[in-house]
Amino acid sequence: MSLRTMAWAEAVTESARKQTRPLPPPRNTTYLPPHLRYSGGGGDGGGYSSYGRGSSESTQYGFGGGGYRGGGRSGPGRDGGRGGRGGGGGGRSRGWVQTPRPNREAFHDVSGKFEQLKVREGDDVGNVGINFDAYEDIPVEASGEDVPVPASTFGEIDLGECLNNNIKRCRYVKPTPVQRHAIPIAMAGRDLMACAQTGSGKTAAFCFPIISGVLAKCVERSQSNGDGWTAFPRALILSPTRELASQIFEEAEKFAYQSGAKVAVVYGGAPMGQQLRDLERGVDILVATPGRLVDMIERSRVSLKMIKYLALDEADRMLDMGFEPQIRKIVQRMDMPPPGARQTLLFSATFPHEIQRLAADFLKNYIFLTVGRVGSSTDLIAQKVEFVRDMDKIEHLCGLLKNQRDNETHGKLALTLVFVETKKGANQLENWLSRNGFPAIAIHGDKVQMERERALRLFKCGTTPILVATDVASRGLDIPHVAHVINFDFPKSIDDYVHRIGRTGRAGKSGLATAFFSEKNQPLAKALVELMKESKQEVPNWLNDYAEQSLSYGGDQSQRYSSSNFGGYDVRRSENYYGSGSNGYGDSSVGAAAATCNDVSGSYATGSFGYGGNYGNSSVDEPAASYNGSYGGETDAAGTAGSSSFGNYENIVAGGWD
DNA sequence: GGGCGGA
């Protein structure tokens, strides 16, 4: 992985090597509690590179400041890496190089490290510039038993000094709505199912409590066994894609900086070697994609026995048809402690009811939190839907791209993200565009990891301002400066649509999303229309017609595709959830009540929701009372759009749902 | 259809 450019890190890593300080504990070390680890700091300072924000990656289009160093970075080739070329502390292997990790001991000039976070002129810093006005309109709703009181500042949350310092270094001024609510909930030890928008600080919302919790308690995190060693992480964060795992890892590392909490990431497509070495050095918080994690567990390199925190990012994705068996295996069939013995945090922007019901298997007495769409600011993403026949798509795309080319701002070509349905289609479109004078590159799951990361990198820095992507890039990825998202192939579900368009309009900047719609997409028309209306978008007449037709088709597609009122609704409110006696809820009681914001009244009497029944016929959900009020203590609402180099917030005002 | 392990 090397999704970020790391001029500083390379320098620092070099410098770290020169330190005489021994490497962190190899196997079988005597235990050192977290707060005593890495207390020293003899080394040069450094700066965290902003992730993909162009801190050091410049481009022909001018994003970023420094020079683009295509060469020396981790060319994840299958040629190198594995053999541990360069040996010991020596040079970086030419092949796979894990994110050049700053050796924490090497730092003492922390400020220098964080000074480099934001480098582009004109960028806002931290969340200072976030349009908090937009927050005030966000409906927030929390349901469950004894909902903890939200916090209005980071200060009133006891995250510990180290984390507080890092929050300051990140220049987070105040928590976003999801953070205000989710962090106290998580800090209270409660399980959580949270719907939150893209960039609303979701990653931080689960990372802060996890890091804090890991630091609070000392445990052995690695021990030897007959076959070598086994890592015992205390927290596990799962992601549906490698690139997202990488991104989360980088965020988490920043938050955990100098805390002593060790973060590691494992995912497929990269040689095991470096990842194993990272694990061997000890890991408290493990970020992973499911496949590689299972692999490592089966090799006894990872045990989940000590897991106290489990977070699923893009949780609805993780629990849908394709991923659910793997997740179930990891969570239920390995050595992971059961619900109640661990804390489980599920985050996503979209949470279909079926998935919520599934997810109940993994939770105990959880709180359902939803941070709704920003009504007044979703229009920051202008959504266009155009009727285009399949045969005309390319031509149409050309027109849009040419238009885009004329619209460059400040000499920078706007980034355009083109979503297609298939990997083959992505390749074809990439080729066609390239041959016809459009600088395009594709990313999809059939490319080797090196190519995937290269594509993302070249796109981010503007060298190749057109990225053709499958849904591998639709969720969670923070790609700044995407001016235009084009749904070349209309997505299969409205949730996918929401995630895809959420790649633009970030950082409070305006974004454009254009979708090509044809007859075969008709089943989604109604949901699309509802979504657009909700986002205050102008709906073309022909699309309205389609939507009405789909009504008469009788299929109840719309119900499941539509995003209910504001995106999330606690299924436990459905009477049938507990009802339908055949499902074996002996202990179930209570339907649901919602606690809204500071009102801590909601209650659920049940404990865990062992769910094994079928929910084919879910009830119609009554809309819940929502709360649009101001959050306690929310006063400094002003601000302009901001973009944190930590990928936080940027879309809170944009209406994406991540 | 897409994404999730390597051998």
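In what follows, chains are A, B, ... by sequence order, proteins preceding strands, each numbered from 1. Computed from heavy atoms alone, side chains included, the values below leave out hydrogens, waters and symmetry copies.
Rounded to whole Å, the distance from CZ on F419(A) to C1' on dG3(B) is 13 Å. Here dG1(B) presents its P atom at 18 Å from CZ of F488(A), a figure rounded to the nearest Å. We find that CG of L276(A) is positioned 11 Å from P of dG6(B), with the value rounded to whole Å. Rounded to whole Å, the distance from CZ on R500(A) to C1' on dG1(B) is 10 Å. Atom CE of M296(A) is separated from atom C1' of dG6(B) by 11 Å (rounded to the nearest Å). K423(A) places its NZ atom 11 Å from the C1' atom of dC4(B), with the value rounded to the nearest Å. Between L238(A) atom CG and dG5(B) atom P the separation is 11 Å, expressed in whole Å. Atoms CG (D471(A)) and P (dC4(B)) sit 12 Å apart, rounded to a whole Å.
For the residue pair Q275(A) / R292(A), a side-chain donor-acceptor distance below 3.5 Å is found, with atom types taken as modelled. Checking S239(A) against D313(A) by side-chain atom types alone, no donor-acceptor pair falls below 3.5 Å.
The phosphate of dG5(B) (OP1 or OP2) has a side-chain N or O of T289(A) nearer than 4.0 angstrom. Of the side-chain N and O atoms in R292(A), one or more sit less than 4.0 angstrom from OP1 or OP2 of dG6(B). Phosphate proximity of dG2(B) to R475(A): absent, as no side-chain N or O sits under 4.0 Å from OP1 or OP2.
A search for side chain to side chain contact (heavy atoms under 4.5 Å, CB included) contacts involving A235(A) returns I210(A), V214(A), I285(A), Y309(A), not counting sequence neighbours. With sequence neighbours excluded, no residue forms a salt bridge (charged side-chain N to carboxylate O under 4.0 Å, His left out) with D191(A). Among residues two or more places apart in sequence or in another chain, the ring pair (Phe, Tyr, Trp, His ring centres under 6.0 Å) test is passed with F488(A) by F516(A). Listed by chain and residue number, nothing satisfies the ring pair (Phe, Tyr, Trp, His ring centres under 6.0 Å) test with F438(A) (two or more places apart in sequence, or in another chain).
For residues 315-329 of chain A, proximity to DNA chain B is found at R317(A), G322(A), F323(A), Q326(A), defined as any non-hydrogen atom under 4.0 angstrom from a strand atom.
Closest to the side chain of D295(A), from the set dG5(B), dC4(B), dG1(B), is dG5(B).
Within 4.0 Å of V472(A), counting heavy atoms only, lie sugar-phosphate atoms of the nucleic acid but no base atom.
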Run the side-chain donor-acceptor check on residues 419-426 of chain A: report pairs under 3.5 Å with partners two or more places apart or on a different chain.
residue : atom : partner : partner atom : Å
T422(A) : OG1  : G425(A) : N            : 2.9
K423(A) : NZ   : D446(A) : OD1          : 3.3

